[in-house]
Chemist: 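Okay, here's the structure, questions in a sec.
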Amino acid sequence: MDDIERFRQELLSRRQEYKARVLICLTGCRALGAQGVAAKFRERLKSLSLEKQVPVVETGCIGICARAPVMLIEPYEYLYGGVSTEDIDEIISTTIQKGQTVERLAVIQDGKPAPRIKDINFYKKQTRLVLENCGRIDPRRIEDAIERGGYIAAVQAITQKKPQQIIEEVTESGLRGRGGAGFPTGLKWNFCRKSEGEQKYLICNADEGDPGAFMDRALLEGDPHRVIEGMIVAAFSIGAGQGFIYVRAEYPIAVEHINIALEQARSLGLLGDDIAGSGFGFDIQVRMGAGAFVCGEETALIVSLEGKRGMPNARPPFPAQKGYMGRPTNINNVETFANVPLVMKNGVDWYRARGTEKSKGTKIFALAGRVNNTGLVEVPMGTTLREIIYDIGGGIPKGRKFKAAQMGGPSGGCIPAKYLDTEIDYDSVQQMGAIMGSGGLIVMDENTCMVDIARYFLEFVQAESCGKCTPCRVGTKKMLQMLEAISRGEAKIEDLDYLQYLAEHIKKASLCGLGQTAPNPVLSTLRHFRDEYEEHIVLKTCRAAVCEALVRASCQHACPAGVNVPEYLALAAEGRLGEAANIIRRRNPFISVCGRVCDHPCEQRCRRSEIDHPLAIRALKRYIADNMDDYANLMARRVDKPAEVAIIGSGPAGLSCGYFLALMQRSSVIFEAQPIPGGMLALGIPEFRLPKETLQKEIDFILSHGIELRTNSRIEDAKELIDKGFKAVFVATGAQLGKAINIEGIELKGVLDALEFLRDRALGKGQDCDGKAVVVLGGGNVAVDAARSAVRLGAAKVTVLYRRTREEMPAYEEEIEEAIQEGIEIITLGIPKRILSRNSTVSGIEFIRAELGKAEADGRRRPVPVEGSESVIECDMVIPAIGQVASTEVVTFSGGPELTDWGTIKVDPVSRNTTISEIFSGGDCVSGPSSVIAAIASGQQAAVHIDRLLGGSGELPGDTGFSFVKPDEETLAKSPPRVEEKIIPLDKRKRGFAEVVLGLDREQAVCEAQRCLRCDLEES
Amino acid sequence: MDEPAVRINGKALIGQTGQSILELALANGIEIPNLCHDARLSPSGSCRLCLVEVEGQKGPVCACTLQIQPGMVVRAETEEIRAIRKTVLELLFYEHRGACTTCDENGNCKLQRYAYEYQLSDDVFEPPAGEERRENYTTGNEALEYEPGKCIRCGRCIRICEEVQADSALTFKARAASVEVTTAFDIPLNDSTCELCGQCISSCPTGALYERAAKGRGQCKDLLRTRTTCPYCGVGCQIDLNVNPKTDEIVRVTSEVGCIPNDGNLCVKGRFGMDFVTSGKRLAEPLIKRNGRFEKATWEEAIKFVAESLKRIRSGFGADSIAGLSSAKCTNEDNYVFQKFIRACIGTNNVDHCARLCHASTVAGLARAFGSGAMTNSIDELKNAGCIFVIGSNTTEAHPVIGLYIKEAVMKNGAELIVADPRKIDLVRFARLHIAQKPGTDVALINAMMNVIINEELHDKAFINERTEDFEKLKPVLKDFTPEKAEAITTIPAEKIHTAARLYAKAETASIIYSMGITQHTTGTDNVLSLANLAMLTGNVGAESTGVNPLRGQNNVQGACDLGALPNVYPGYQSVEDSQIQAKFESAWGQKLSGQKGLTVVEMMHAIEEDKIKALYIMGENPALSDPNLNRTRKALEKVDFLVSQDIFLSETAEYADVILPAVCFAEKDGTFTNTERRVQRVRKAVAPPGKARIDWEIICDVATQMGYPMSYEGADKIMDEIATVTPIYGGMSFERIDSVGLQWPCLDKEHPGTRFLHEGTFKRGKGKFHPVEFTAADELPNEDYPFVLSTGRQLYQFHTGTMTRKSAVINQVSPTGYVEIHPDDAAGLGISSGENVEVITRRGKVTTLARVTGNIEKGWLFMPFHFREGPANMLTNDALDPTAKIPEYKVCAAAVNKTKQPD
């Protein structure tokens, strides 16, 4: 014992005073040129005769892999990422010689460089205990490890403690197996200790096989000594004389480093016949596995270690009873062993102080996927996913929405957003339908298809199933084939129940852990994301636009109306605007409208965003609409027959339905209660976003196909239309009533619903807001439109009060930006409490501040009022815009179509047929307030199925027919960045309802259209 | 604790510690569905069909892998369990292709049975869109065919090949749904370590592995199974001949797990060697040689011709001028009738059979030492022996199924195996120690072992005192026989002899196994006596899993001896020279008998040379290929005045005959065989004989009757009844008693349970007798002209003179012709490469055969199998005889090898 302490002191005393130490990760970062950087660094230092004063240390993983190659400079603790050989001179002159930072290499945080490691959020929220030496030592020098206290705990334990005492300490520490199942380590050791047999074995399972997991690898590469130290303690406790590290051959650096470490430990007497004079003998051999996933399962690992084909055996007998060569054997994971020195060194109480009640200590995660800071993360048990993903991981790139976190690899599951704030430990993860596993944590955003994820993991386990037992071998194949069918849209809805049934049977019937957990990714996605499965099957859509068989191009797939985006963009780029418009109009008659107000789901799915930014598809559409001159040519022969179909409502859904019916040569008549057509397009969206004449031109174009419009014609009852002889009715009455907000003072004068406010303005009877202070309640487009209208109507001060955060506002981002530019104040995290009055007129509104609580089902955190944080905004007008109610009066006759629990009209999602066969419905009265394009799509789908009901084929005109060549990589790489549309000056905006956005010019449009990757031309 | 009480499906059961739930259930008639289970194999738990619910366990557990615990409550048929099983079955059908309607296994297939029991929907049987048939490791193999589409990946074929057969020829390849069974690196089966035992077929629960030749010749559901005894070696495996009643053909040979003595295991000959039964070359009509050519004759003509010829010779030259060779291949009943015919009808004791050529020295030696010449212990005792000393027995090739027990003893039960054999035989793989003694030096080796045992005081003094005599006479011979002295004689390093002696002597129970390597020497009797000495010295006889165990080479060599097909004894080893016994038989057979010992096999041939024998009646033997020094034998056969060959084929011997009488083979008659462990077992008729062929004993009876000594029996069972009355050791035998399981003699009366091992408490002769044995060199030693020591023996695929095995397409594919094994150094010296033609020459003859260069044989030594008529090893062998047992020295002679001119 004294020897090693003396050795350590000697090492410390010999330690030279360095001017600086340069730590460079030469394990993971090797792939990105770290070796070259280190070599160059040494060369430059040598040429400056600084090599003695400034050692360059080749370390293991420093952690923030997203910034590789990573370099840490002591004593300044500057962390530089993405370092190349060209940066070295500057680092030497600035940091080494002057102690200053090279800011451009530092991590950028909140827009500012954060050069010091302690200031970087990625590290700030971590507790690096097991990884304390990783990235700080040269793993090939045992002296480095001993200097930092390595092996001391082990020597102390085996020279001063009894085996049973160690086992008790490990048991009491609460350390659980980090390999995944979380079995208490002390108990496991005790079983093996108590097992009869002269010869016992100890195995370190380093067969890390989960896709995306690299914790064990990093530990073995960066600090193999800690693992060996843990193994020495374990071997002493259970009485094992021989140990093995079973590591996959794909980890050559790990293998090299362990072997060096073992050799060094032997030479110092830390391994061998008589370790540190304790009389205890133990040695370790490295055995390389061929990379079969199943060999991570302990019985298969043992079989493989014995030199046979790695296939698992039934337990019991457990390895502790009959393991390697039939003798008692204890197997732990790398990270488990790496925790043992912490318990030995710091004691049980210290260790127990970290973690949750049932899971102690820290856990290392390999953070990967759609997260900004990928890398190795060590946090105490009980940290939430949100802390890991957002605080440490820096959130999701491109501001996309978090969808799920995959934990535990192929044996694990997908955790949805509602658990973002749950404390993570072995038990809580299991309750969420995943497993801790070895620590793989893959973040997924909205562009991830959960069916595809389940398919991916199943494909993995299916390929890795050893084939021994039937359920795993065949069952996973059958499941995989079912998932493939689902992702092709070729399954039946009942298949989901069978899939679940099969999955549960496979779990119960499989021989080993691989098969018993293989269905987990499917079960957890079925549990949390069943609607996505159903969409694939019923709607044949993949909302993430991932599943190839369903998706020609992701933008086209993302468009509810199915517009062939790539082709019209290509035509636009060639200046063939008429033809481009023609393509669009085969699926969407509202080119101008959608070119302006569409919520462009196509852009969210655009694959170009993986490179830089999505294409400006909406702007290009508007460019086509504004620059073509083609409102006279009809898309089909004008229909002149008496109307067969009645359409109630002339919003985008109703007009589209009539339009597509006309394309299929069916005549219709549209009944509109208002004096003007267009529904929300006319009455809800203000002119500065969608000019009246633009809209009118588009409506005229639609009607010119032979559709009769009857304004001021309120229909009371859809049934009467059928009685009149219409063969089918399409109800598209929208959601025109504002949702009432139930607070004190809502009845006061000066309170005006936003929809009413906008409608009055559109119909020309608007009240002015001259000099008034206006507060709008809500965060959607209607709220922002109302606020911006109020500005234009002369309001002195406009405030938007929203209960959640700015990020969660449903209004379009650019609209919010413009609103702020226009002087509108946006107060977030404020919950309206009551409207104050003076002389029964509004005088102000009282609201209470909120803070974010736990996540709700959609992952958004619930705003929780902060007691006593009430404040008041003085105002003259309050405009609630907190939601809309579906208008369903026309179908509420007895025996009429059923409504949903949310008060909308119930329809078949494919045919848009209500529960009455002649009545169809679409638009907001079905979906609740939604987008224009969704309404158009519903009209299109209803038209198709009405045509079928009436004996037609329901075929829309084809939307392809041009031949194109896929642009080459070079051209694409040279593409300029995404264009921005021009807008009119701010002063002009405040003074009237002129259209704000001006659109693209020709040059911009051509450039932009050429950025398209033409995914549609990819061959799968 | 030894008998845990368990409830399964509410039924209270008592099990044994270590038993699995499934084993306990099956033993009690509770059928838990299973596919990967085979009682011969360790459980794998891979099919997942035997899942059950056990109280206190979280999920379903696997009944085949979980051992029972006291108080365990098992429910095997809950709704959930049945639902899971149904899913598992459906999954199996997801990968299982091929319809039952066209599958040979139909009727025997467990998967098919469960599909019905679990009422799987019809669409699971629909074959998925055709996957192309690919070649696999069995493509082109005559023996078996693997159809991956029918394979359920239970791994039983792989496990039985590894665990029971220890050949490890098979393995899984690939992963997941692509998993298939194959050989290592997908090499063709016959290039792998496969021995074509077909055990994989026997374990396959579906039709995935099947005898290629059986395909399309009848589905299992339509085949009639007849239990009988294998006609090859002396193990006496119980086989089921599966006969298609429409064609009356043997379609396949199977065996039932649990049967004694082979537990469902068979070797290549038993499984694939039955083609001879329906061979077109079978004799179907009597033939009489007229003017040097065989002509068809009626039975009447033939019988009359034989009877009159024999009568003529007897009246001209006396009864002792006639001799008969009975047959170790025929039933006990045939042998009994044959020797009775020779003794009572002809009136001479000139009756012998090929046992003379294999175990005469055993009978002579063991009878002197112990009082009985039979294998002392039972086959299945081997697996529990602490040490097994195999000397002069290539067990895995000559007695493959006994080989399995030795492998089991070593692999599963940790037995120490010592192999003493000049060649590196397959058993060496399992041996703790291999000692390669120079051929013909066994006495030196054994004496030296005993020298070590006595010097190190490892001998069993109590046993020696209480159970033996003449120990004192032994000591002087051994005193100077040190391992070092033996090393000079045997070429075995002295240290190895020390080790062997200690391993053998220190074992709790030690069992000696030997065979022709010990017996076929001019010192054969000495060799046997030495082994008896060794066993008695260490007290390893008269107890379970010990003993001196000569392995009988032919199916009924034991029975033929037991039933008196020997020149010196009546049935039951009763001496012809004992007048009391003679009187007993005279009264039983109603005829005056000769009190004079008759001639032995080789002596008969020599007597022909000397004109002492004028007529020879040979039943089912082929001395023209099996006797040593064939030139001399063939001359004798040529010379003898009257030769009758009663056989199933026109053998090399039959060609010399004056009359050929077509007989039926084992599959066409009823009777009994006695196996090497003294077990009398049934032979049952499964198919009709070809043409006019008749049962051996019927033919003999007709000849005897024609000669004026009326013999007739209603059936084989009646013969056995007569045997029981005159043969004390068979006193309790009857067809009725041995119907399901055979009986081991001595079985003295109808109540006697038979005898598992001999000499318990007391030796047959009272005390065991030590015989001091001095080392004597073999008759013919190498010299400059004949520098090699040539040994002969069997190989796995062939049997004896090949008349039966060489009719098998399977066997012909792997073992087309003979060869001589030669050490690489010797081969290099002579410029010989493997596969080249060479001449092997001895003082007696010259044979051309193929060279097989192998390190399995020591330098200076040669080995040839004797089965092949186109390169007959017995042209070369020495017919020098052991003075006591009259067994020829097949195992040692001096030889030379030359490279011959290679054919272009």
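In this text the structure is predicted, and so the values were computed from the model without any measurement. Each chain gets a letter, A, B and so on, in the order its sequence line appears, and its residues count up from 1.
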Chemist: Around atom NZ of A/Lys492, are there more than 12 heavy atoms of other residues, nucleotides or ligands at under 6.0 Å?
Modeler: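 Not buried by this count: 12 neighbours or fewer within 6.0 Å.
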
Chemist: Assess whether atom CD of A/Glu494 is packed by more than 12 heavy atoms of other residues, nucleotides or ligands within 6.0 Å.
Modeler: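 Result for CD/A/Glu494: enclosed.
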
Chemist: Looking only at heavy atoms, what is the nearest atom pair of A/Lys477 and B/Ala177, with distance?
Modeler: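 Closest pair (atom of A/Lys477, atom of B/Ala177, distance): CD-CB, 3.1 Å.
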
Chemist: Out of B/Pro43, B/Ser44, B/Ser178, return the one with the most heavy atom pairs under 4.5 angstrom to chain A.
Modeler: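 Of the candidates given, the most pairs with chain A belong to B/Ser44.
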
Chemist: Applying side-chain contact (heavy atoms from CB on, under 4.5 Å), run through B/Ile152 and A/Thr470 and close with a yes or a no.
Modeler: CA-CA 8 Å; B/Ile152 57 161; A/Thr470 313; over 6 Å; no

Chemist: Shortest non-hydrogen contact from B/Val88 to A/Ala509?
Modeler: CG2-CB, 4.2 Å

Chemist: Counting only non-hydrogen atoms closer than 4.5 Å, does B/Ala174 touch chain A with its backbone (N, CA, C, O), its side chain (CB onward), both, or neither?
Modeler: backbone

Chemist: Please indicate whether B/Gln119 has more than 12 foreign heavy atoms, meaning atoms of other residues, nucleotides or ligands, lying under 6.0 Å from its CD.
Modeler: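 More than 12 within 6.0 Å, yes.
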
Chemist: If I measure from the heavy atoms of chain B, does A/Val294 come under 4.5 Å with its side chain, its backbone, both, or neither?
Modeler: side chain

Chemist: For the interface with chain B, which of A/Lys507, A/Gln481, A/Glu504 has the highest count of heavy-atom pairs at distances below 4.5 Å?
Modeler: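 Greatest number of close heavy-atom pairs with chain B: A/Gln481.
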
Chemist: Chain A heavy atoms under 4.5 Å from B/Cys47: which part of the residue, side chain, backbone, both or neither?
Modeler: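 For B/Cys47, the contact with chain A is made by backbone and side chain together.
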
Chemist: Has B/Lys110 got more than 12 heavy atoms of other residues, nucleotides or ligands less than 6.0 Å from its NZ?
Modeler: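 Buried by this count: over 12 neighbours within 6.0 Å.
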
Chemist: What heavy-atom pair brings B/Gly45 and A/Leu511 nearest, and what distance separates the two atoms?
Modeler: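 Scanning both residues, the minimum pair turns out to be O-CD1, 3.8 Å.
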
Chemist: B/Leu66 versus chain A, heavy atoms under 4.5 Å apart: side chain, backbone, both or neither?
Modeler: side chain

Chemist: Hey, is the main chain of A/Cys469 close enough, under 3.5 Å, to the side chain of B/Arg48 for a donor-acceptor pair?
Modeler: no

Chemist: How long is the gap from NZ on A/Lys508 to CD1 on B/Ile84, to the nearest 0.5 Å?
Modeler: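 Interatomic distance, A/Lys508 NZ to B/Ile84 CD1, rounded to 0.5 Å: 5.5 Å.
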
Chemist: Given the rule in the salt bridge (Lys or Arg N to Asp or Glu O under 4.0 Å) test, do A/Arg473 and B/Glu95 qualify, once you have shown the distances and angles that lead to the verdict?
Modeler: CA-CA 10 Å; A/Arg473 179 184 71 248; B/Glu95 66 180 359; 2.6 Å; yes

Chemist: If I measure from the heavy atoms of chain A, does B/Lys173 come under 4.5 Å with its side chain, its backbone, both, or neither?
Modeler: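 B/Lys173 touches chain A through backbone heavy atoms alone.
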
Chemist: Return the option, out of B/Lys58, B/Glu90, B/Glu80, with the maximum number of heavy-atom pairs under 4.5 Å with chain A.
Modeler: B/Glu80

Chemist: Can you tell which part of A/Thr476 gets under 4.5 Å to a heavy atom of chain B, answering side chain, backbone, both or neither?
Modeler: neither

Chemist: Need one label for B/Leu92: side chain, backbone, both or neither, based on atoms under 4.5 Å from any heavy atom in chain A.
Modeler: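 Contact with chain A involves both backbone and side-chain atoms of B/Leu92.
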
Chemist: For the CZ atom on B/Arg432, are there more than 12 heavy atoms of other groups (residues, nucleotides or ligands in this structure) within a distance under 6.0 Å?
Modeler: no

Chemist: Taking all non-hydrogen atoms of both residues, which atom of A/Met311 and which atom of B/Phe172 are closest, and how far apart?
Modeler: CE-CD1, 3.5 Å

Chemist: Of the backbone (N, CA, C, O) and the side chain (C-beta and beyond), which part of A/Ala463 lies under 4.5 Å from a heavy atom of chain B, both, or neither?
Modeler: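 Backbone only.
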
Chemist: Which answer fits A/Tyr498, side chain, backbone, both or neither, if we ask what part of it has an atom under 4.5 Å from a heavy atom of chain B?
Modeler: side chain

Chemist: Heavy-atom distance under 4.5 Å between the side chains of A/Ser465 and B/Arg175, does that happen here?
Modeler: no

Chemist: Can you tell me if A/Met288 has over 12 outside heavy atoms packed within less than 6.0 Å of its CE?
Modeler: no

Chemist: Show, in sequence, the C-alpha distance, side-chain angles and deciding distance for A/Arg315 and B/Thr65, and conclude whether the side-chain contact (heavy atoms from CB on, under 4.5 Å) test is met.
Modeler: CA-CA 8 Å; A/Arg315 296 178 304 182; B/Thr65 53; over 6 Å; no

Chemist: Tell me, do A/Tyr501 and B/Thr87 make a side-chain contact under 4.5 Å, heavy atoms counted?
Modeler: yes

